[in-house]
Number of protein chains: 2
Amino acid sequence: MTTSRRPGSLAIDANPASDKEFERVLKAIASTRRLQILEWLKDPSSNFPEQIHGDPELHGACNQFIVEKLGVSQPAASRHLKVLVDAGLILATPRKGWTYYRRNERAIADVVRRVASI
Amino acid sequence: MTTSRRPGSLAIDANPASDKEFERVLKAIASTRRLQILEWLKDPSSNFPEQIHGDPELHGACNQFIVEKLGVSQPAASRHLKVLVDAGLILATPRKGWTYYRRNERAIADVVRRVASI
DNA sequence: GATCTAGATAACAACTTAGCTATATGGCTA
DNA sequence: TAGCCATATAGCTAAGTTGTTATCTAGATC
């Protein structure tokens, strides 16, 4: 952001770092694949097969099931999950060789709140 | 979207066209430049110089002023505005050789509502 | 009609995104 | 320790984004 910043500038100018972070989160959700993942994770036990280890309600679903549902390669799914993790929208729990993912409802609520003021 | 679609599939699967449209709108706002434009257009008369023709409150601000505030080239600003227009988030009014832009509050409210359910 | 000017479009470069295959990593399990 | 399996990373390609400069277009005005 190289624009000049006057004293009377608006909220969007006030905190460039926070604006960039907001942009990152918006980019993370601006993808049908990732919106699907977020949707599925609302109800892991309905949307994914039974898991041997790990309570789906507690820890979420593992990468493997998301790969199957998305219909893309394992690395592609892995990267979509990383984008969501980096944006803070989901949380990863490694456990017994698998990694479980669940929604970060607090972060999601923050995004919703901020989008409400655009 | 090449995934199989079962009868019990969720909202995000229900209407792929609408999902793609939602994705397009999210991509449109996932840009600090375009968020700035939307912010400025909340109050055109405060954020832009006086205009000879066209009531800023009624028609919004013209491209020229947005170019100056953004600090990018005229074509770059023009394209950002086009992205917002294509997403339906702002409305363009050509008048006396200038084009005025204003927020489409209804469309913005729709986005906010849909983001609230991600 | 000729000219001027605002805005849109074209064409290009640099960067990012999203898919793939191949391979590395790292924790179970035997 | 050795091997296995899930996940992450590397390296590649194709496509999309964002900036630039140059040019086109269309109204307004003289």
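Quick note on labels: first sequence line is chain A, next is B, and so on, each numbered from 1. Every value quoted in this text rests on a predicted model; they were computed, and no experiment measured them. Both backbone and side-chain heavy atoms feed into the values below; hydrogens, waters and symmetry mates do not.
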> Under 4.0 Å from OP1 or OP2 of D:dT17: is there any side-chain N or O of B:Arg33 that close?
no

> Could you tell me the separation between the CG atom of A:Leu81 and the P atom of C:dG19, rounded to a whole number of Å?
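Rounded to whole Å, this separation is 12 Å.
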
> Counting only N and O atoms by type, is there a donor-acceptor contact under 3.5 Å from the side chain of B:Arg34 to the main-chain atoms of B:Leu84?
no

> B:Arg33 and B:His80: side-chain donor and acceptor closer than 3.5 Å?
no

> Indicate whether OP1 or OP2 belonging to C:dT17 is found under 4.0 Å from a side-chain N or O atom of A:His80.
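Answer no for this pair, as no side-chain N or O of A:His80 is under 4.0 Å from OP1 or OP2.
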
> Let me know the distance between CH2 of B:Trp98 and P of D:dA28, rounded to the nearest Å.
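My rounded result for the distance is 10 Å.
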
> Look at the side-chain N and O atoms of B:Ser73 and state whether any lies under 4.0 Å from the OP1 or OP2 oxygen of D:dG19.
no

> If we count only N and O atoms by modelled type, under 3.5 Å, do the side chains of A:Ser18 and A:Arg114 hold a donor and an acceptor together?
yes

> So what does B:Pro75 hit on the nucleic acid, given a heavy-atom distance under 4.0 Å: a base, only sugar-phosphate, or nothing?
base

> Please report, rounded to the nearest Å, how far the P atom of D:dT9 is from the CZ atom of A:Arg79.
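My rounded result for the distance is 11 Å.
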
> Minimum heavy-atom separation for B:Tyr101 and B:Leu41, please, with both atom names.
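Reported closest heavy-atom pair: O-CD2, 3.6 Å.
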
> Does A:Gly88 offer a backbone N or O that forms a donor-acceptor pair with the side chain of A:Asn104 under 3.5 Å?
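Checking the backbone N and O of A:Gly88 against the side chain of A:Asn104, a donor-acceptor pair under 3.5 Å is found.
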
> Without decimals, in angstroms, what is the distance between B:Lys20 NZ and C:dA18 P?
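The answer, rounded to whole Å, is 10 Å.
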
> Taking the side chain of A:Lys82 as its heavy atoms from C-beta onward, which of D:dT9, C:dG19, D:dT18 lies nearest to it?
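For A:Lys82, the side-chain atoms sit closest to D:dT9.
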
> Grab the CD-P distance between A:Gln64 and D:dA8 for me, whole Å please.
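From A:Gln64 CD to D:dA8 P: 12 Å.
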
> Taking OP1 and OP2 of D:dT18, is either one under 4.0 Å from a side-chain nitrogen or oxygen of B:Arg34?
yes

> Nearest heavy atom decides the nucleotide; on that basis, is A:Lys27 or A:Val72 closer to the 5' end of DNA chain C?
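The residue whose closest nucleotide sits nearer the 5' end is A:Lys27.
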
> What is the distance from CG of A:Leu84 to P of C:dA18, rounded to the nearest Å?
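Atom-to-atom, A:Leu84 to C:dA18, this comes out as 11 Å.
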
> Using OP1 and OP2 only, check whether a side-chain N or O of A:Ser78 sits under 4.0 Å from D:dT7.
no

> Select base, sugar-phosphate, or nothing to describe what B:Ala76 touches, counting heavy atoms under 4.0 Å on all strands.
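Base contact.
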
> Taking the nucleotide of DNA chain D with the nearest heavy atom to each, does A:Gln74 or A:Glu23 sit closer to the 5' end?
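Its nucleotide being nearer the 5' end, the pick is A:Gln74.
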
> Whole Å only: how far is the CG atom of A:Asp86 from the P atom of D:dA8?
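Answer to the nearest Å: 11 Å.
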
> Grab the CD-P distance between A:Glu68 and D:dT7 for me, whole Å please.
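One finds 10 Å between P of D:dT7 and CD of A:Glu68, rounded.
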
